[in-house]
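Letters A, B, ... mirror the listed sequences (proteins, then strands); counts begin at 1.
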Number of protein chains: 2
Amino acid sequence: MSKKRVTLADVARLAGLSTSAASMILTGRPDTRLSPEAHAKVHEAAATLGYRPNMAARALRTDKTRTLAFISDHIATTRYGNGLIRGALAASEEAGHVLMMLETYGDPAHETRAIDAAIDRQVDGIIFAFVRSREVFLPSITSNVRMVMLNGTNRQCPIAILPDEYQGGCEAVSLLADANFTDGIVLLGHNAEVEEGLFRSGTILSRLNGIRSEMVSRGLGFVDELSSWNWEPENGYKLMKKYLKNSRPKALLCMNDRLAFGAYQALSEAGLKIPEDVSVVSFDNDEIAAYLRPGLTTIGLPHEAMGREAVRVLLDEKIVESETLVAMEPMIRGSVGGAD
Amino acid sequence: MSKKRVTLADVARLAGLSTSAASMILTGRPDTRLSPEAHAKVHEAAATLGYRPNMAARALRTDKTRTLAFISDHIATTRYGNGLIRGALAASEEAGHVLMMLETYGDPAHETRAIDAAIDRQVDGIIFAFVRSREVFLPSITSNVRMVMLNGTNRQCPIAILPDEYQGGCEAVSLLADANFTDGIVLLGHNAEVEEGLFRSGTILSRLNGIRSEMVSRGLGFVDELSSWNWEPENGYKLMKKYLKNSRPKALLCMNDRLAFGAYQALSEAGLKIPEDVSVVSFDNDEIAAYLRPGLTTIGLPHEAMGREAVRVLLDEKIVESETLVAMEPMIRGSVGGAD
DNA sequence: CTGTTAGCGCTTTCAG
DNA sequence: CTGAAAGCGCTAACAG
């Protein structure tokens, strides 16, 4: 049962060659031309013995582990931003790498420990990922590992992947404009404090900028703006409930899907049908968007594409500085009708 | 910038001792008593140099990497069962270990590759985790790594962690019984085919067994049972919509939260209030349960506790065979009222 | 064109 | 009680 590990030496012995020969053949380095039959013998020996290289030994020599660290604030342990992992995992698998998962809970002490743990294990690179994109603080890193910020930015790290929120904002407005809405559009959850610069949430500001800019270029205006700092369903429900007492909007532009989820409930309780009476568009493509009825039309965060891009950039050693904006993805479901 | 890695030899040199002395002190082996001042010197030297052990080198010697593999079917990339990761991550961090994340998408080819990738990197153990607990097929493993099945079972692996579905089923019924419901209880989504043994879904069968057994011991019976193979919101909605045409239940026992989510919508459209008109209990404690209004009372899958338990058991080398049943956790929210 | 040899950084006998 | 030396499995110089 307790099989002894098969080593390169075993393979070489069975093939009747030196370990170095076996090494060169198995790692496929084209430097030196070994005889074709040597190749065959080694490969055969490796196969029959079931040889698997010991990556600890290889790492010690080459300083490469084919392992990447994915250090996130809350992504591995919550349901948010899980597309980031999906993309990163798929891309690293395709590249023959493996992901080491570290969670910091947004806590500096955990961040330091996570970084140390990753570096101690000689990872080939580190992805720092964040649930909500923003400028982020990080402990200073004394090692020169490659790193990339995924859904965040940091001065220490010149490589970043971000969603193109500005374009996303434009798309949302376009959806409504193309459905011929010209008035009665209300903005739900815009954050006044962000626009006034009190919060440093770059990407949300871009989302808002995209919205406003597309509105003016379409010659449109909001009939009302319901500001809110909190973007949970609870809040969307309350805001909308209150608003519906005296008003009847034709379309809702919600800052995210969770607000829209709450708005759905308030609309339903007021006897308003979606999309017949009110159309709804929002942002993120949260998984709940597909559960709602009718399905929520939303401008999706391109998390999976971002995750893939992060490992691509991380693994491409030529790239030393870059900020990538990944396009947001409109998901058309049933919540937008046509204006009368 | 390109700092040279500081090695144990550097530390020893600065401390004026041999590397072996430094090694013994730093790894804290109590075998041999080195002088207290030697201890002090070494620790000081390590601190001033910022020494971090090279784990690849250490792994080569000791065959221990302080790294665990978490191989799951769909857990890392979807929002399901992510409490399993949360628990496993927390417990391994506490134990000074790190998790390597591999996803198989339920595909045997991926499983094989994931296992190889993990073993190649000399992980100290493997956790096989599954979204839905069941008997599971796995490629045969020729290595003798420690492994544990998390939310699944497999003949090859004598260590398993599972939710106590039987007890959960009992709890759900008790909730209703304690609220004095004696009739008008309908079971939504019980799976006839499972009970008939057509599907080998052990834990769901246990859930059902717990329900039935507690019903009889409380002297209760269901007024109706709406069978369904599909447990998505869509289906809960349809089933309930149709049922409500001719019937008025007093309480719903749903097989999972997503069915309950659908039932909520049908109930609302029929003008029925929860919990005034109809009480609802279900299973899983999916994150949507807290979003619903009123909050859904549900018997939660103890994912986090299970994840923790998995690493605890995996790391305890004395344990060679064990099946742990982790108690399900009733989450009391607002969806259960009292019977008239 | 092939094989011998010297380490990568660490732990652990085994002499001193 | 301490330090020198061997070696984990592998790769990359360097001789042959």
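- Distance CD1 (B:Ile25) to P (C:dC10): 15 Å, rounded to an integer number of Å.
- Residue B:Arg58 places at least one side-chain N or O under 4.0 Å from the OP1 or OP2 atom of C:dT11.
- Summarising the geometry, the separation between CE on B:Met55 and C1' on C:dC8 is reported as 16 Å, rounded to the nearest angstrom.
- Enclosure of atom CD in A:Glu44 is not indicated, since only 12 or fewer non-hydrogen atoms of other residues, nucleotides or ligands lie within 6.0 angstrom.
- Salt bridge B:Glu309/B:Arg312: present, at least one basic N to carboxylate O contact under 4.0 Å.
- Between C:dC10, D:dC8, D:dG3, one nucleotide has an atom nearer to the side chain of B:Ala21 than all others, and that is D:dG3.
- Exactly one of B:Arg52, B:Arg66, B:Arg58 qualifies for a side chain to side chain donor-acceptor pair (under 3.5 Å) with A:Asp120. That residue is B:Arg52.
- The pair B:Asp116-B:Arg113 fails the salt-bridge criterion, with no side-chain N (NZ, NE, NH1 or NH2) lying under 4.0 Å from an Asp/Glu carboxylate O.
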Restricting to nitrogen or oxygen on both sides, can you table the protein-nucleotides 5-7 of chain C pairs closer than 3.5 Å?
unit_1 : atom_1 : unit_2  : atom_2 : d
C:dG7  : N2     : A:Arg61 : NE     : 3.2
C:dG7  : N2     : A:Arg61 : NH1    : 2.6
C:dG7  : N3     : A:Arg61 : NH1    : 2.7

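- Using modelled atom types, one finds no donor on one side chain facing an acceptor on the other under 3.5 Å when comparing A:Asp73 with A:Thr104.
- With C:dT11, C:dT4, C:dG9 as the choices, the nucleotide that has an atom nearest any side-chain atom of B:Leu60 turns out to be C:dG9.
- As rounded to whole Å, 23 Å separates atom P of C:dC8 from atom CZ of A:Arg121.
- Taking 4.0 angstrom as the limit, A:Ser23 places a side-chain polar atom (N or O) nearer than this to OP1 or OP2 of D:dT11.
- Ranking C:dC10, D:dG3, C:dT11 by closeness to the B:Thr62 side chain, first place goes to C:dT11.
- The shortest non-hydrogen separation linking B:Ala310 to B:Ile161 is CA-CG1, 4.0 Å.
- The separation between B:Asp63 atom CG and C:dG9 atom P is 20 Å, rounded to whole Å.
- In this structure, the helix from C:dC1-D:dG16 to C:dG16-D:dC1 shows an angle of 60° between the axis at its start and the axis at its end, each fitted on 5 base pairs and rounded to 10°.
- For D:dC8, the OP1/OP2 oxygens have no side-chain nitrogen or oxygen of A:Thr7 closer than 4.0 Å.
- The distance from atom CG of A:Leu49 to atom C1' of D:dG9 is 15 Å, rounded to the nearest whole Å.
- Side-chain atoms of A:Arg121 and B:Thr67 form a donor-acceptor pair, as typed in the model, at a separation below 3.5 Å.
- The CZ atom of B:Arg52 sits 19 Å away from the C1' atom of C:dC8 (whole-angstrom rounding).
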Q: Show your reasoning for whether side chain to side chain contact (heavy atoms under 4.5 Å, CB included) applies to B:Phe70 and B:Val311.
A: CA-CA 10 Å; B:Phe70 188 98; B:Val311 343; over 6 Å; no

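- Between B:Arg308 and B:Glu94 there is a salt bridge, since a side-chain N of the basic residue sits under 4.0 Å from a carboxylate O of the acidic one.
- In this structure, CE of B:Met24 is placed 10 Å from P of C:dT11, rounded to the nearest angstrom.
- Regarding A:Leu17, its CG atom lies at a distance of 9 Å from the P atom of C:dT2, rounded to whole Å.
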